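This report concerns only the one structure given below.
The model shown is predicted, which means the values in this text are computed figures rather than measured ones. By convention here, the first residue in the shown sequence is residue 1.
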Amino acid sequence: MEGGKPSLALVYQAVQALYHDPDPTGKERASVWLGELQRSMYAWEISDQLLQLKQDVESCYFAAQTMKMKIQTSFYELPPETHNALRDSLLTHIQNLKDLSPIIVTQLALAIADLALQMASWKGCVHTLIEKYSNDISSMPFLVEILTVLPEEVHSRSLRIGANRRTEIIEDLAYYSSTVVTLLTTCVEKTGSDEKMLIKVFRCLGSWFNLGVLDSNFMASNQLLMVLFQVLQRDETSTNLHEAASDCVCSALYAIENVDTNMALALQLFQGVLTLETAYHMAVAREDLDKVLNYCRIFTELCETFLETTVRSPGQGMGDLRTLELLLICAGHPQYEVVEISFNFWYRLGEHLYKINDAALHTIFRPYIQRLLHCLARHCQLDPDHEGIPEDTDDFGEFRMRVSDLVKDVIFLVGSMECFSQLYSTLKEGNPPWEVTEAVLFIMAAIAKSKLKCSSGLFQHRENNPTLSEVLQQVVLLPESVHMAVRYTSIELVGEMSEVVDRNPRFLDPVLNYLMKGLREKPLASAAAKAIHNICSVCRDHMAQHFQGLLDIARSLDSFALSTEAAVGLLKGTALVLARLPLEKIAECLSDLCAVQVLALKKLLAEESTNGKSADPTVWLDRLAVIFRHTNPIVENGQTHPCQKVIQEIWPVLSDTLNTHQADNRIVERCCRCLRFAVRCVGKGSASLLQPLVTQMVSVYQVYPHSCFLYLGSILVDEYGMEEGCRQGLLDMLQALCMPTFQLLEQPNGLRNHPDTVDDLFRLATRFVQRSPVTLLSSSIIVHIIQCAIAATSLDHRDANCSVMKFVRDLIHTGVANDHEEDFEVRKQLIGQAMEQHGQQLITQLMHSCCFCLPPYTLPDVAEVLWEVMVFDRPTFCRWLESALKGLPKETSGGAVTVTHKQLTDFHKQVTSAEECKQVCWAIREFTRLFR
């Protein structure tokens with residue numbers, strides 16, 4: 001902090017302002033100032049003093065939170081000789097403040113736990129704490145709190161204690177675990193009727209279960225397990241205690257996932273949970289939804305834990321199918337939130353049975369899935385007094401979407417055709433109320449969507465099933481007088497049945513007429529548009545005869561009440577059909593299809609020039625983009641692309657739109673997207689645009705460096721990079737775009753603040769490497785691009801990091817891959833020079849990045865880069881890696897060993913003797929755990 005250490009009075013004043021200043025700007029100022037204080041060195045001493053003063057809850061909470069944060073993120077600031085004093089001081093504070101507020105106790109407990117995990121010299125901390133405080137009943141609550149958060153913090157993301165220290169701690173905690181359980185048991189005996197204490201005990205026990213260090217044989221015969229189930233069986237148990245006990249049982253069930261090695265405890269839990277059925281019914285009778293949800297969580301966790309046992313030996317021992325009965329009892333509860341808890345289990349069961357693919361097993365589980373589907377159809381019913389179409393954005397709408405996904409995943413067990421037919425017969429035979437009809441149609445639509453998931457999918461049968469044809473016939477005859485929601489869902493169902501229409505072209509006209517009726521009604525328009533889009537995608541050839549009708553819709557698109565997405569979808573469908581027309585008709589029809597959007601853009605530009613007001617052109621740009629993207633006719637070599645002329649005519653309007661809105665990133669991005677699909681649409685046929693487009697991109701980019709220009713540049717390089725006559729022009733473009741890009745990225749935090757620019761720059765550079773490596777490698781810009789790439793390897797951003805790694809990998813690979821092109825030797829020599837210059841720096845930076853900056857999912861990309869360097873020049877790579885490893889820190893600030901000499905040499909050997917890239921990846925994964 002500037003101006004030295006602030007006075008306690010000033011800090012106290014800022015804390016008061018943070019909590020009590022009525023003016024939001026005052027609060028904000030206090031928050032910023034206190035944040036700076038927390039990051040400074042003075043924070044240690046000041047928070048210690050505030051905790052000693054014990055002036056009020058707010059200042060103590062701020063101090064306790066600051067202590068925790070400093071220990072988590074800045075422990076290295078303290079010299080080792082102060083660690084003992086810090087520990088003693090924190091223990092004094094928690095004892096003195098134990099009655100002030102539970103949230104302060106939790107913050108201090110976290111601070112003590114995080115200190116214990118990092119402070120290697122504090123041996124056997126659990127033993128020390130229990131010895132010191134277990135005899136004083138008033139210290140029990142904070143002692144149990146420390147023992148609860150300690151196991152939780154072992155895998156904390158904010159502590160980088162490393163795998164060696166973590167293993168040491170877990171062994172230590174396992175050694176003292178029975179002492180902790182004995183302490184908790186004594187605690188229950190002493191304070192049996194104190195509900196708050198019981199909740200703390202259950203939370204603590206759950207925390208130790210979650211870490212997986214409790215001895216399961218010791219726990220199987222432990223008193224606490226009985227207490228847990230007694231609490232859950234008792235009708236009068238309070239909500240909070242019930243939740244804590246449920247959480248603890250779920251943690252215990254999760255901890256014995258490997259049932260075979262935890263047999264005794266598994267049996268106790270299995271039998272214990274089965275005794276809770278009566279208690280569940282009692283909670284239902286009392287309409288106590290909180291408890292009902294807790295029981296359902298426990299039953300679901302039981303089924304998840306014994307899933308493999310149930311599939312391996314259904315109906316025997318702990319494969320007892322009563323576990324599934326419990327879930328189906330829950331599925332019968334009138335509130336849909338209850339059944340939703342079990343979805344993940346049903347999904348996993350489906351996945352398991354799908355992989356095993358054993359008909360006898362399927363027969364055993366089929367009745368359960370049938371009953372589940374029956375319950376789901378009932379849960380999906382809208383209220384009888386619901387008006388209008390089904391909402392899909394509220395909680396119930398989201399629940400129905402999850403039902404639809406689950407049905408797709410488990411339907412193969414019942415057989416999609418059988419189920420579809422059964423559902424249809426319930427509609428045909430009875431005369432159900434509208435909400436039942438709608439829910440059945442909704443489930444039928446979900447089954448229709450499952451066509452991709454399984455070989456027994458609805459439309460996999462090549463022969464025509466009479467039910468499918470009949471469903472289509474009946475649905476399109478639904479009168480307009482039926483409930484709006486029934487019509488809406490029936491339209492969705494028709495859209496999902498487009499394969500049936502493709503196989504029975506006689507249905508095409510009635511189906512299109514039915515959907516056109518929907519398109520003209522505001523509530524149904526978007527669903528109808530989506531269904532027409534589906535039919536266009538699947539029945540492209542049959543739809544060619546209806547192209548004029550599609551064109552008429554497209555021309556008057558805005559006369560229908562469509563969502564943006566539905567309008568774009570309709571245009572996509574139209575473009576897909578357009579591409580199937582005879583070549584000589586495509587140009588004229590494409591011109592017609594684009595005319596509406598082009599005229600709208602011209603009108604906006606004219607308004608802009610007359611009254612100076614700029615209107616948003618993105619709707620029209622997105623519509624053009626989707627037309628270009630999906631108009632992909634088959635053009636033989638030598639034929640002129642039918643879309644070429646149309647795109648040349650449209651270019652001036654796009655160019656003017658881009659110029660007019662050049663300062664607006666969102667609109668420029670949409671312009672570039674539209675141009676990207678136009679270029680992709682006609683490929684080499686867009687050559688006449690290359691010069692004016694590149695000139696405009698470069699000139700706008702100098703003033704407004706929108707990263708989408710780099711992306712568009714990569715598309716141009718991909719299309720034209722192999723053309724000898726275009727290479728120099730494209731290189732000039734790259735150099736012109738690189739200058740402002742480097743200026744932007746060289747600012748403080750430039751890489752972190754502009755990940756999109758990093759991503760798109762390296763996409764562009766990678767395209768160059770793929771299309772014309774020698775042009776790039778011989779240029780003066782390559783040195784700067786490589787330097788930028790090395791700096792960006794530490795960037796923790798999924799897309800940007802992936803682009804950087806791909807560039808470096810592909811670059812080195814051009815010197816490795818002997819593709820018998822005549823320029824291979826030149827490439828190899830140029831890569832050799834680049835590696836000589838940057839190799840050591842690259843390897844050192846990569847090792848540092850994957851140990852300290854990058855998340856584990858990026859490691860396969862890092863491994864590929866190391867592999868390519870090694871394949872290029874193994875002996876030199878061995879030296880570079882050795883030097884990089886020597887530079888890594890060997891100890892943490894808390895005095896724990898991060899990495900031993902043997903671990904370093906083992907890793908070096910694993911990587912340098914690897915025979916394939918995935919071995920390098922495994923080695924890095926294991927090695928970087930030492931630093932996390």
Side-chain angles (χ1 to χ4, degrees), residues 68 71-72 75 83 87 109-131 143-184 201-220 222 224 247-248 250-262 264-266 305 851 855-856 889-900 902-903 906-907 922 925-932:
K68 177 202 72 177
I71 290 171
Q72 278 182 350
F75 189 53
H83 293 175
R87 176 192 61 195
L110 282 164
I112 291 163
D114 291 339
L115 177 67
L117 296 176
Q118 294 181 88
M119 187 174 151
S121 59
W122 187 1
K123 304 279 185 214
C125 66
V126 172
H127 182 65
T128 324
L129 291 167
I130 290 178
E131 216 168 43
L143 172 61
V144 173
E145 187 67 28
I146 297 172
L147 293 174
T148 303
V149 296
L150 186 63
E152 290 171 351
E153 289 295 285
V154 171
H155 292 291
S156 161
R157 288 277 172 89
S158 35
L159 295 179
R160 298 187 75 101
I161 55 177
N164 287 334
R165 174 68 179 151
R166 198 168 279 113
T167 306
E168 185 187 337
I169 289 160
I170 290 172
E171 285 170 1
D172 198 43
L173 294 183
Y175 182 75
Y176 289 111
S177 62
S178 49
T179 315
V180 173
V181 175
T182 307
L183 170 81
L184 295 177
V201 166
F202 289 162
R203 269 196 57 223
C204 185
L205 183 61
S207 172
W208 285 73
F209 267 128
N210 286 336
L211 190 63
V213 291
L214 294 181
D215 180 305
S216 67
N217 289 331
F218 175 71
M219 284 312 301
N222 191 273
L224 280 180
D247 288 344
C248 187
C250 288
S251 296
L253 284 164
Y254 186 77
I256 57 153
E257 196 86 77
N258 190 347
V259 175
D260 300 338
T261 55
N262 297 295
L265 180 57
T305 293
C851 290
K890 313 294 184 285
E891 262 193 15
T892 65
S893 43
V897 174
T898 308
V899 56
T900 63
K902 183 178 185 313
Q903 284 168 327
D906 285 353
F907 172 67
W922 291 333
R925 273 222 159 102
E926 282 307 307
F927 184 70
T928 52
R929 285 196 184 118
L930 300 171
F931 297 89
R932 281 189 210 292

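- Between Phe927 and Cys851 the shortest heavy-atom distance is CE2-SG, 4.0 Å.
- Once rounded to the nearest 0.5 Å, the distance linking CD of Glu145 with OG1 of Thr148 reads 5.5 Å.
- Side-chain atoms of Arg166 come within 3.5 Å of backbone N or O of Val154 as a donor-acceptor pair.
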Begin from the C-alpha positions of Val181 and Phe218 and carry the test side chain to side chain contact (heavy atoms under 4.5 Å, CB included) through to its verdict. CA-CA 10 Å; Val181 175; Phe218 175 71; 3.8 Å; yes

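- The backbone N or O of Glu152 lies less than 3.5 Å from no partner atom in the side chain of Ser156, so there is not a single donor-acceptor pair.
- Summarising the geometry of Val144 relative to Cys204, their closest heavy-atom pair is CG1-CB, 3.8 Å, with the distance given to 0.1 Å.
- Looking only at distances, no side-chain donor or acceptor of Thr892 sits under 3.5 Å from a matching main-chain atom of Ile161.
- Side chain of Gln118 to backbone of Ile71: a donor-acceptor contact under 3.5 angstrom is found.
- The environment of Tyr175 atom OH is sparse: at most 12 non-hydrogen atoms of other residues, nucleotides or ligands sit within 6.0 angstrom.
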Could you check Leu930 against Phe907 for side chain to side chain contact (heavy atoms under 4.5 Å, CB included), going step by step and ending with a plain yes or no? CA-CA 11 Å; Leu930 300 171; Phe907 172 67; over 6 Å; no

Between Asp172 and Val126, does a side chain to side chain contact (heavy atoms under 4.5 Å, CB included) hold up when you go through it step by step? CA-CA 9 Å; Asp172 198 43; Val126 172; 5.6 Å; no

Apply side chain to side chain contact (heavy atoms under 4.5 Å, CB included) to the pair Cys125 and Leu150, showing each step before the final yes or no. CA-CA 10 Å; Cys125 66; Leu150 186 63; 4.1 Å; yes

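- Around OH of Tyr176, the count of heavy atoms belonging to other residues, nucleotides or ligands within 6.0 Å exceeds 12.
- With hydrogens and angles disregarded, no donor-acceptor distance shorter than 3.5 Å links the side chain of Glu153 to the backbone of Val149.
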